[in-house]
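For reference, the structure is listed below as structure tokens.
In what follows, chains carry the letters A, B, and so on, assigned in the order in which the sequence lines appear, proteins first and then strands, with residues in each chain numbered from 1. Computed from heavy atoms alone, side chains included, the values below leave out hydrogens, waters and symmetry copies.
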Amino acid sequence: MFVYFIVSGHHISTPSPHRGPAPRQRQNIPLWQFIKELLKQADKFGDCVKWLDRSRGVFKVEDSSRLAKEWGLRKNRPKMNYDKLSRSIRQYYRKGIIKKTEQSKRLVYQFCTPYL
DNA sequence: CACCAGGATGCAT
DNA sequence: ATGCATCCTGGTG
């Protein structure tokens, strides 16, 4: 009688210490590019995020929880929410990728010129 | 209450 | 070291 222990190829992630699990997640894409992807498909994601001023890269998050859900799907992060997604957007401020508009409006952001 | 700013920390790449 | 994901304190309309 044989028993096969399938210890998959490389290594299964260790239990998971502190915050959140560590689900095997493939498919890497920066958040700002992901947002641009949705922006390109107004038909599918217009209720999620849409351009306010396409030429200036100004966009508005129409449905924050939906956007977070889509991002969570893409990154395989089931616990993703807008609070955390927006924190990542805020990290883009000092990197000069995305900024808040002049008269900062709720749920409205703007891509910095080199990232348009 | 939902959104916004940014520090701290953990983790995978 | 980079890019989040997560967590948190505190502030605004």
Side-chain angles (χ1 to χ4, degrees):
Chain A
M1 184 182 281
F2 298 99
V3 179
Y4 283 88
F5 292 89
I6 309 299
V7 183
S8 98
H10 292 157
H11 66 69
I12 305 286
S13 55
T14 47
S16 94
H18 292 130
R19 319 199 211 276
R24 293 300 65 173
Q25 146 256 341
R26 207 54 278 167
Q27 184 63 292
N28 183 28
I29 179 174
L31 176 58
W32 65 274
Q33 272 181 32
F34 173 74
I35 293 172
K36 287 181 78 176
E37 261 187 32
L38 303 202
L39 251 9
K40 286 175 189 168
Q41 311 174 65
D43 50 324
K44 301 185 186 72
F45 303 103
D47 298 325
C48 189
V49 58
K50 66 169 56 170
W51 292 114
L52 282 196
D53 187 334
R54 196 165 190 166
S55 57
R56 291 190 181 184
V58 180
F59 64 95
K60 174 170 185 178
V61 176
E62 297 290 343
D63 186 336
S64 59
S65 36
R66 163 104 187 281
L67 177 61
K69 186 171 295 183
E70 298 293 347
W71 177 232
L73 283 173
R74 175 62 76 88
K75 291 292 292 295
N76 196 184
R77 230 71 233 198
K79 298 298 183 58
M80 183 47 62
N81 59 40
Y82 185 68
D83 245 26
K84 292 184 284 191
L85 185 156
S86 61
R87 179 68 188 92
S88 291
I89 290 179
R90 266 172 253 135
Q91 291 281 186
Y92 286 150
Y93 295 170
R94 65 171 287 115
K95 294 181 183 174
I97 296 176
I98 285 177
K99 61 187 176 185
K100 207 64 180 151
T101 46
E102 190 60 36
Q103 291 155 155
S104 131
K105 293 172 186 174
R106 181 170 253 232
L107 297 173
V108 176
Y109 297 90
Q110 176 174 197
F111 283 102
C112 298
T113 21
Y115 291 86
L116 260 133

Quick one: are A:Ile29 and A:Arg74 in side-chain contact, heavy atoms under 4.5 Å? yes

Of the candidates C:dA5, B:dC3, B:dA5, the side chain of A:Arg106 sits closest to B:dC3

Would you kindly give the CG-to-C1' distance between A:Asp83 and C:dG10, to the nearest whole Å? 13 Å

Output yes when at least one side-chain N/O atom of A:Tyr92 is less than 4.0 Å from OP1 or OP2 of C:dG3, else no. no

Distance, rounded to the nearest Å, where A:Leu107 contributes CG and B:dA5 contributes P: 11 Å

Is it the case that C:dA5 (base atoms only) and A:Arg77 (side chain only) share a donor and an acceptor within less than 3.5 Å, ignoring hydrogens and angles? no

Phosphate OP1/OP2 of B:dC4 contacted by A:Lys100 side-chain N/O (<4.0 Å): yes

I need the CZ-P distance between A:Arg94 and B:dC4, as an integer number of Å. 20 Å

From the list C:dC4, B:dG6, C:dT6, which nucleotide is the closest neighbour of the side chain of A:Lys79? C:dT6

In whole Å, what is the span from the CG atom of A:Leu31 to the P atom of C:dT6? 13 Å

Consider the side chain of A:Trp71, meaning its heavy atoms from C-beta on, and name the nucleotide among B:dC3, C:dC4, B:dA5 that approaches it most closely. C:dC4

Closest nucleotide among C:dC7, C:dC4, B:dC4 to the A:Tyr82 side chain: B:dC4

Atom CD in A:Glu37, atom CD in A:Glu70: separation rounded to 0.5 Å? 11.0 Å

Can you check the A:Lys75 NZ to B:dT13 P distance for me, whole Å? 11 Å

CZ of A:Arg90 versus P of B:dA8: gap in Å, rounded? 16 Å

To the side chain of A:Met80, which of C:dC4, C:dA5, B:dC4 is closest? C:dA5

Output field: ring centroids A:Tyr92/A:Tyr109 closer than 6.0 Å: no

Between the side-chain atoms of A:Arg87 and the base atoms of B:dG6, is any donor-acceptor pair under 3.5 Å? yes

To the nearest angstrom, how far is A:Lys84 atom NZ from C:dC4 atom P? 15 Å

Under 4.0 Å, heavy atoms only, any strand: does A:Phe34 hit a base, just the sugar-phosphate, or nothing? nothing

Quick one: does A:Val49's side chain get under 4.5 Å of A:Glu62's, heavy atoms only? no

Provide, to the nearest angstrom, the distance between the CD1 atom belonging to A:Ile29 and the P atom belonging to C:dA5. 12 Å

So A:Ser64, base contact, sugar-phosphate only, or nothing? Heavy-atom distance under 4.0 Å. sugar-phosphate

Measuring only between side-chain heavy atoms, which start at C-beta, is A:Val58 closer than 4.5 Å to A:Trp51? no

What is the nucleic acid contact for A:Leu85, judged by heavy atoms within less than 4.0 Å: base, sugar-phosphate only, or nothing? nothing

Within the structure, does a side-chain N or O atom of A:Ser88 lie under 4.0 Å from either OP1 or OP2 of C:dA5? yes

Nearest listed nucleotide, side chain of A:Tyr93, among C:dT6, B:dA5, B:dC4: B:dA5

Is the NZ atom of A:Lys36 crowded by more than 12 outside heavy atoms at less than 6.0 Å? yes

Please tell me which of A:Lys105 and A:Gln91 maps to the more 5' nucleotide of DNA chain B, matching each residue to the nucleotide holding its nearest heavy atom. A:Lys105

